[in-house]
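Only one structure is covered here, and it is reproduced in the block below.
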Amino acid sequence: MNQRNFVIVLVIIAALLAGWMFYTSQQAVQAEPIESISSKYWSSGHADAESEAFTHWNEDDPAEVPVFCAKCHSNSAFADFVGADGSEAGRVNAPGKINDPISCTACHSDAAHALDAVTFPSGNEITATGKNSVCMTCHSGLSAGTSVDTTVEGLDEDAPIEGSSLMGPHYYHAAAVHQGADAAVAYQYEGKTYVGAFKHANTVDSCTKCHDPHSLHTRDIPESDASLCSTCHSNVSGWADYRSVNMSNIDYDGDGTVEPVFDEIEGMKVILEEALNKYSQAVVGVGFGFDFDNYPYAFIDGNTDGEIDESEAIFPNQYNTFTPRMLKAAFNFMFVQKEPAAYVHNPDYVLQLLFDSIEDLGAQSGVTTAGLTRP
Ligand code: HEC
Ligand code: HEC
Ligand code: HEC
Ligand code: HEC
Ligand code: HEC
């Protein structure tokens, strides 16, 4: 064998070896049987064709999901958005189908795999790998705190706006919370600084490192009964323990007890609701309160007892005289309320927002931040 042929043989052997290594590594990645993936997926919220998220438009005429809403509420429209249907990427071109829950093809197309950036309703763009970008695209929220500024532009901070209604970022906007100031979807007060993405720890720093993308539950550790969290949080053995994690050991809400951060956030929410109520009484002349079991969530607290009772939680009693200052603080309340996992996605960010909202209402509400801690 001459030298040239020897080199060719070497190159062929190297290519075969590389091919074999690539093949076996793919086999390792695809270790999970497809049956298991499917059954996990079918029991997840994404597959729940009966849920409000996929049936909300069924009685409309025409019965379709409007272009503005379709990206996240219809499988076909998500494919349209990423350009998997051959249309321009980054926009939805046609209304979505009803009863069309998120299926395999939403996340598994060449276009979805290649998706490497997400634009939040604030206009901020974040780059992320394809598998996290898909999650972030739908869990980014629908409107940002900056839309409150647009709504109240030129108005006096403390002048009630007749016919106004509660504003919020929408639902399960986990990515907006997780990315913090990098996404800037909350109402961020001028002159304050806010934390960015919650880095947590490197085994749990992205959506798909924590969530199994098919069951949507937190991932199992292969061949182990231990929880993904227990290696670092020894008190956690399962779902029921997540809300008892306490790392910061700070009494943020100033109630005299150091509690897990979940409870500290709940404590701050109670104070913000009280501040909104006292502010409204002082400035607008009526009480204010939330009731999240009844739409549209914000009601007049007629007897100013700090509770929204059954007779008050009715549509005609909705609160509709927000001042700009109230709209901002209430937006932040919604930002936390409608993302129940905020305490694990980015606790410091939501604590900062709650603190600043209480502070901004303070001069008129009399509810001050004395005793509270801003992370
Ligand atoms: C950026 C993605 C996104 C967009 C755009 C979006 N939604 Fe949603 N929406 C969600 C997510 C995520 C949920 C899941 C929350 C849940 O199940 O409670 C949701 C839930 C809902 C629900 C169910 C709420 C419940 O209490 O179960 C309704 C109704 C809804 N959206 C209406 C709309 C409407 C109307 C629009 C357009 C104006 C819209 N959505 C646009 C992401 C989005
Ligand atoms: C919400 C998005 C989403 C949906 C819906 C979805 N997948 Fe996946 N899938 C992913 C992501 C993200 C990964 C990468 C997983 C990882 O990094 O471990 C993945 C990985 C896979 C893999 C590679 C094996 C593995 O464990 O890494 C297969 C096969 C697969 N999915 C099949 C399916 C099938 C079949 C369906 C429908 C029954 C489906 N997927 C639905 C997001 C999704
Ligand atoms: C095409 C839009 C879309 C994509 C992509 C998407 N989601 Fe969702 N997600 C939704 C909607 C809508 C709901 C609410 C479903 C319902 O109410 O049944 C939801 C619900 C959830 C829930 C709550 C599940 C439950 O049973 O209550 C989790 C957790 C979740 N998604 C995580 C993820 C993760 C992780 C990814 C990426 C692997 C992802 N989502 C990708 C739209 C999406
Ligand atoms: C540190 C692990 C971790 C990371 C990282 C993480 N999640 Fe979660 N997520 C959880 C846990 C735990 C819950 C359930 C918490 C509970 O019910 O108390 C949850 C709940 C959710 C829910 C349903 C409830 C809610 O408040 O929205 C959605 C949707 C969701 N996550 C999406 C995402 C997305 C999208 C990302 C990436 C931007 C992400 N998660 C990153 C651990 C994580
Ligand atoms: C590799 C180690 C590690 C893993 C795994 C881990 N965490 Fe953490 N966790 C930490 C560290 C470190 C902090 C403190 C981070 C900081 O404040 O910057 C933390 C903070 C938290 C906090 C905020 C606590 C506070 O008082 O501010 C919550 C809640 C939390 N983790 C829940 C979880 C859950 C739920 C899981 C599993 C899905 C998990 N963690 C997995 C290391 C980990």
Side-chain angles (χ1 to χ4, degrees), residues 44-46 48 51-57 60 65-74 77-78 81 92 96 102 118-121 126 128 131-143 169-180 182-183 185 195 197-213 216-221 226-236 238-250 252 258-265 292-293 295 297 336-351 375:
S44 82
H46 284 169
D48 183 1
S51 91
E52 182 65 17
F54 306 116
T55 55
H56 183 71
W57 298 265
D60 289 3
V65 187
V67 167
F68 181 57
C69 314
K71 177 177 81 178
C72 316
H73 286 287
S74 160
F78 187 78
F81 179 79
V92 176
I102 323 302
V118 182
T119 306
F120 285 84
I126 285 179
K131 53 185 178 184
N132 292 311
S133 296
V134 285
C135 317
M136 292 167 78
T137 299
C138 291
H139 291 285
S140 57
L142 184 56
S143 60
H170 205 56
Y171 306 108
Y172 282 13
H173 41 283
V177 174
H178 190 245
Q179 295 300 311
D182 298 343
V185 173
V195 296
F198 183 37
K199 302 275 192 303
H200 205 156
N202 63 9
T203 49
V204 289
D205 64 359
S206 71
C207 316
T208 53
K209 281 191 193 168
C210 277
H211 291 273
D212 179 308
L216 306 180
H217 298 309
T218 45
R219 282 183 184 274
D220 296 327
I221 300 177
S227 146
L228 173 64
C229 323
S230 61
T231 39
C232 305
H233 304 295
S234 54
N235 64 324
V236 174
W239 185 85
D241 306 318
Y242 296 164
R243 295 179 180 194
S244 57
V245 171
N246 178 4
M247 293 295 276
S248 39
N249 256 320
I250 294 172
Y252 292 109
V258 174
E259 299 150 299
V261 78
F262 176 87
D263 299 301
E264 295 292 343
I265 292 170
F292 288 102
D293 294 330
Y295 193 76
Y297 314 133
V336 185
Q337 177 69 28
K338 291 296 173 186
E339 225 285 275
Y343 76 98
V344 59
H345 290 147
N346 201 340
D348 287 0
Y349 187 55
V350 295
L351 284 165

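When a ligand or atom number is given, it counts from 1 through the structure's own listing order.
- Ring geometry for H345 versus H178: interplanar angle over 60°, hence perpendicular rather than tilted (30 to 60°).
- Of the candidates Y242, F262, F198, Y349, F262 is the only one forming a ring pair (Phe, Tyr, Trp, His ring centres under 6.0 Å) with Y343.
- Looking at heavy atoms from C-beta onward, V65 lies out of side-chain contact with F54 at the 4.5 angstrom threshold.
- The minimum heavy-atom distance between C138 and K71, with the atom names listed, is SG-O, 4.1 Å.
- The proximity of V236 to ligand 5, defined as any non-hydrogen pair under 4.0 Å, does not occur for either the backbone or the side chain.
- Between Y295 and Y297, the angle of the ring planes goes over 60°, which puts this pair in the perpendicular group of the 30/60° scheme.
- Counting the atoms of ligand 5 from 1 in the order shown, those under 4.0 Å from a heavy atom of T203 are 1 (C), 5 (C).
- Of all atoms in ligand 5, listed by their number and element, those nearer than 4.0 Å to a heavy atom of Y343 are 29 (C).
- The nearest non-hydrogen atom to atom 9 (N) of ligand 1, considering only H170, K338, H173, comes from H170.
- Around atom 21 (C) of ligand 1, the closest heavy atom drawn from H56, H73, K71 belongs to H73.
- Here the closest heavy-atom approach between residue P375 and residue D348 is recorded as CG-O, 3.7 Å.
- Taking every heavy atom of Y242 and a limit of under 4.0 angstrom, the matching atoms of ligand 5 come to 35 (C).
- Near C232, meaning under 4.0 Å from any of its heavy atoms, are these atoms of ligand 5: 1 (C), 2 (C), 3 (C), 4 (C), 5 (C), 42 (C), 43 (C).
- In terms of protein heavy atoms, atom 13 (C) of ligand 5 is closest to M247 CE, 3.6 Å.
- For ligand 4, the atoms sitting less than 4.0 Å from at least one non-hydrogen atom of P340 are 25 (C), 26 (O), numbered in the order shown with element in parentheses.
- Restricting H233 to its N, O or S atoms, the one at the least distance from atom 8 (Fe) of ligand 5 is NE2.
- Counting only heavy atoms of the protein, atom 16 (C) of ligand 5 lies nearest to F198 CE1, 3.9 Å.
- Residue contacts with ligand 5, taken as heavy atom pairs separated by less than 4.0 Å, do not involve K199 at all.
- The two residues P121 and S140 have their closest heavy-atom pair at CD-O, 3.4 Å.
- Atoms of ligand 1 found under 4.0 Å from any heavy atom of G141, numbered from 1 in the order shown, are 1 (C).
- Remark: side-chain polar atoms of D212 are not paired, donor with acceptor, to backbone N or O of H217 under 3.5 angstrom.
- Here is the list of ligand 4 atoms found below 4.0 Å of a heavy atom in V204: 1 (C), 5 (C).
- When the heavy atoms of A342, C229, S248 are ranked by distance to atom 25 (C) of ligand 5, first place goes to S248.
- Between R243 and D263, the shortest heavy-atom distance links the atoms O-OD2, 4.4 Å.
- Of all the listed residues (F81, Y172, F120, W57), Y172 holds the heavy atom that lies closest to atom 18 (O) of ligand 1.
- Nearest non-hydrogen protein atom to atom 37 (C) of ligand 1 is C69 SG, 1.9 Å.
- Side chains of K338 and P169 form no contact here, defined as non-hydrogen atoms less than 4.5 Å apart.
- The contact set between ligand 5 and T231, taken as ligand atoms under 4.0 Å from a residue heavy atom, comprises 5 (C).
- Less than 4.0 angstrom separates some heavy atom of R243 from each of these atoms of ligand 4: 16 (C), 17 (O), 18 (O).
- Of all atoms in ligand 5, listed by their number and element, those nearer than 4.0 Å to a heavy atom of L228 are 5 (C).
- Every N/O-N/O distance between N249 and ligand 5 stays at or above 3.5 Å.
- Shown in contact with S140 at under 4.0 Å from a heavy atom are these atoms of ligand 1, numbered in order with element: 1 (C).
- Regarding atom 27 (O) of ligand 4, its nearest protein heavy-atom neighbour is E339 OE2, 2.4 Å.
- Of all atoms in ligand 4, numbered sequentially from 1 with element shown, those under 4.0 Å from a heavy atom of H139 are 29 (C), 35 (C).
- For atom 8 (Fe) of ligand 4, the set of protein N/O/S atoms nearer than 2.8 Å consists of H211 NE2, H345 NE2, ordered by chain and number.
- Short contacts between ligand 4 and A175, defined as distances under 4.0 Å to a heavy atom of the residue, involve ligand atoms 38 (C).
- Closest heavy-atom contact between W57 and H73: CH2-CG, 3.4 Å.
- In this structure, Y171 does not count as a contact residue of ligand 4, since none of its heavy atoms falls inside 4.0 Å of the ligand.
- Annotation for ligand 4: atoms under 4.0 Å from non-hydrogen atoms of H200 are 1 (C).
- By the neighbour-count criterion of 12 heavy atoms within 6.0 Å, atom NZ of K209 is densely surrounded, having more than that number from other residues, nucleotides or ligands.
- Proximity of M247 to H233: side-chain heavy atoms (C-beta onward) are separated by under 4.5 Å at one or more points.
- Shown in contact with C135 at under 4.0 Å from a heavy atom are these atoms of ligand 4, numbered in order with element: 35 (C).
- When all heavy atoms are compared, the tightest approach of V236 to S227 is CG1-OG, 3.7 Å.
- Residue contact annotation: P66 has no non-hydrogen atom under 4.0 Å from ligand 1.
- Among protein heavy atoms, atom 22 (C) of ligand 5 sits closest to V245 CG1, 3.9 Å.
- For C72, every N, O or S atom stays at 2.8 Å or more from atom 8 (Fe) of ligand 1.
- Each of the following atoms of ligand 4 lies closer than 4.0 Å to a heavy atom of S206: 5 (C).
- Proximity of F262 to ligand 4, defined as any heavy-atom pair under 4.0 Å, is not found for any part of the residue.
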